Amino acid sequence: MSGGSTPFSPAEPALPRTDPPPAGTPRSADDAALAAELAAGAGHVLLALRAEHARCEPRDLARIGDAGAQRHLAAALRHHRPADAVLSEEGTDDSSRPDASRVWIIDPLDGTREFSEEGRKDWAVHVALWEKGRLTAAAVALPARGTVLTTEPTPRTGRRTEEPGRGPRLAVSRSRPPALIAPLARLLDARLVPMGSAGVKIAAVIEGTADAYVHAGGQYEWDSAAPVAVAMARGLHASRIDGSPLRYNQARPWLPDLVVCHPEDRDRTLAALAHVNPAATETPS
């Protein structure tokens with residue numbers, strides 16, 4: 001797994017070893033390295049818990065994974081960034097958090113359904129840093145695939161290659177795609193690529209196995225902060241489906257919709273979205 005690994009006990013995860021950065025290293029690079037270490041470490045915890053509790057009922061396995069990864073990330077952030085605020089799916093929110101200048105937005109286990117299904121690899125760990133109005137560092141671990149995607153250092157994603165006679169590939173939920181996907185796919189002549197968690201869908205666009213991800217009906221900030229940060233660091237477009245900016249660290253950490261795509265597809269995708277009904281509802285994933 002890229003991003004570093006550490007020995008750990010599932011019952012009491014070890015904190016990641018983060019070496020001091022070279023003199024002159026920008027703070028954003030230091031934070032990005034830490035994000036990668038944290039995401040990778042939580043991924044190791046999840047893989048160990050998945051193996052240890054393989055005989056559990058899926059609901060119990062998902063609960064064990066959520067709790068174990070949360071403990072690891074919470075302890076690591078207290079150790080490495082004690083002054084920073086944290087917004088986590090599995091943690092208690094602090095009413096002072098929207099006024100903080102640095103907030104870690106984390107999802108200890110994105111894709112609990114996929115994590116709890118034997119053999120599935122489409123689940124993730126999200127670690128992002130919001131700082132003074134924008135996302136500045138992030139990592140998305142795909143533990144079952146041994147991959148960590150980070151904001152820095154990172155190559156820019158290349159221009160996507162059109163396949164003659166074939167439209168773009170849309171990453172969609174394998175169980176509950178939003179209602180606007182069907183008319184959008186018709187307008188774009190797109191092919192649907194079903195997969196698991198939100199982070200995995202955005203990672204597919206980053207890695208080139210999908211060309212766009214569109215979500216409507218709402219998600220929490222932790223569902224998208226880290227993968228959106230990585231996507232934007234690699235030159236991809238990310239916005240609301242009306243083209244307006246995505247805003248994080250809000251008092252109510254809720255995003256109604258989003259689109260991630262290649263910049264050359266931005267105008268075409270947003271124009272198609274303007275012609276479909278964005279009022280479809282979807283359970284946050």
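In this text, all values refer to a predicted model and were calculated from it rather than measured experimentally.
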Heavy-atom check, side chain of [X] versus side chain of [Y], under 4.5 Å:
{"X": "Pro183", "Y": "Arg186", "result": "yes"}
{"X": "Glu89", "Y": "Ile106", "result": "no"}
{"X": "Val214", "Y": "Leu180", "result": "yes"}
{"X": "Arg234", "Y": "Leu149", "result": "yes"}
{"X": "Val230", "Y": "Ile206", "result": "yes"}
{"X": "Ser88", "Y": "Gln70", "result": "yes"}
{"X": "Arg102", "Y": "Leu129", "result": "yes"}
{"X": "Glu207", "Y": "Arg145", "result": "yes"}

Is the side chain of [X] donor-acceptor paired with the backbone N or O of [Y] at a distance under 3.5 Å, no angle test?
{"X": "Arg97", "Y": "Gln250", "result": "yes"}
{"X": "Arg191", "Y": "Leu170", "result": "no"}
{"X": "Glu264", "Y": "His262", "result": "no"}
{"X": "His44", "Y": "Leu47", "result": "no"}
{"X": "Asp107", "Y": "Val125", "result": "no"}
{"X": "Asp110", "Y": "Gly199", "result": "yes"}
{"X": "His275", "Y": "Ala271", "result": "yes"}

task = Name all residues meeting the side-chain contact (heavy atoms from CB on, under 4.5 Å) criterion together with Ala238; count only those two or more places apart in sequence or in a different chain, and write none if there are none.
result =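 Testing Ala238 for side-chain contact (heavy atoms from CB on, under 4.5 Å), a comparison that skips the adjacent residues, returns Val228, Met232, Leu246, Val260.
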How close do [X] and [Y] get, counting heavy atoms only, and between which atoms?
{"X": "Trp104", "Y": "Asp84", "result": "NE1-OD2, 2.8 Å"}
{"X": "Ser224", "Y": "Leu255", "result": "OG-CD1, 3.5 Å"}
{"X": "Gly43", "Y": "Pro143", "result": "CA-CG, 3.5 Å"}
{"X": "Val148", "Y": "Ala141", "result": "CG2-CB, 4.0 Å"}
{"X": "Ala139", "Y": "Ala226", "result": "O-CB, 3.6 Å"}
{"X": "Ala272", "Y": "Leu187", "result": "O-CD1, 3.6 Å"}

Quick one: pull up [atom1] in [X] and [atom2] in [Y] and give me the separation to the nearest 0.5 Å.
{"X": "Leu135", "Y": "Thr151", "atom1": "CG", "atom2": "OG1", "answer": "9.5 Å"}
{"X": "His126", "Y": "Leu38", "atom1": "NE2", "atom2": "CG", "answer": "14.0 Å"}
{"X": "Lys201", "Y": "Asp223", "atom1": "NZ", "atom2": "CG", "answer": "9.5 Å"}
{"X": "Leu34", "Y": "Thr150", "atom1": "CG", "atom2": "OG1", "answer": "12.5 Å"}
{"X": "Leu46", "Y": "Asp66", "atom1": "CG", "atom2": "CG", "answer": "8.0 Å"}
{"X": "Glu131", "Y": "Ser101", "atom1": "CD", "atom2": "OG", "answer": "7.0 Å"}

key: NZ/NE/NH1/NH2 to OD/OE distance under 4.0 Å, Arg113 and Asp122   = no
query = For Ile241, which of Leu258, Leu273, Leu184 qualifies under side-chain contact (heavy atoms from CB on, under 4.5 Å)?
reply = Leu273
ask   = With a cut-off of under 6.0 Å to the ring centre and 45° to the axis, is Arg50 in cation-pi contact with Phe115?
value =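 Satisfied, under 6.0 Å and within 45°.
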ask   = Would Asn249 and Trp130 count as having a side-chain donor-acceptor pair, cut-off 3.5 Å?
value = no
ask   = What's the verdict on salt bridge (Lys or Arg N to Asp or Glu O under 4.0 Å) for Glu114 and Lys121, showing C-alpha distance, side-chain angles and the deciding distance?
value = CA-CA 7 Å; Glu114 289 74 24; Lys121 298 183 178 182; over 6 Å; no
Sequence neighbours excluded, every pair satisfying side chain to side chain donor-acceptor pair (under 3.5 Å) that has a member inside residues 237-246 =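 Applying side chain to side chain donor-acceptor pair (under 3.5 Å) to every pair that reaches into residues 237-246, excluding sequence neighbours, yields His237-Ser239, Arg240-Asp257, Asp242-Ser244.
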Trp254 and its ring-ring contact (aromatic ring centres under 6.0 Å, His included) partner, picked from Tyr220, Trp222, Tyr248 = Tyr220
Name every donor-acceptor pair, under 3.5 Å, that has one atom in a side chain of residues 53-65 and the other anywhere in the protein, sequence neighbours excluded.
none

query = Checking salt bridge (Lys or Arg N to Asp or Glu O under 4.0 Å) for the pair Glu117/Arg174: CA distance, chi angles, key distance, verdict?
reply = CA-CA 14 Å; Glu117 292 183 22; Arg174 67 189 182 101; 2.8 Å; yes
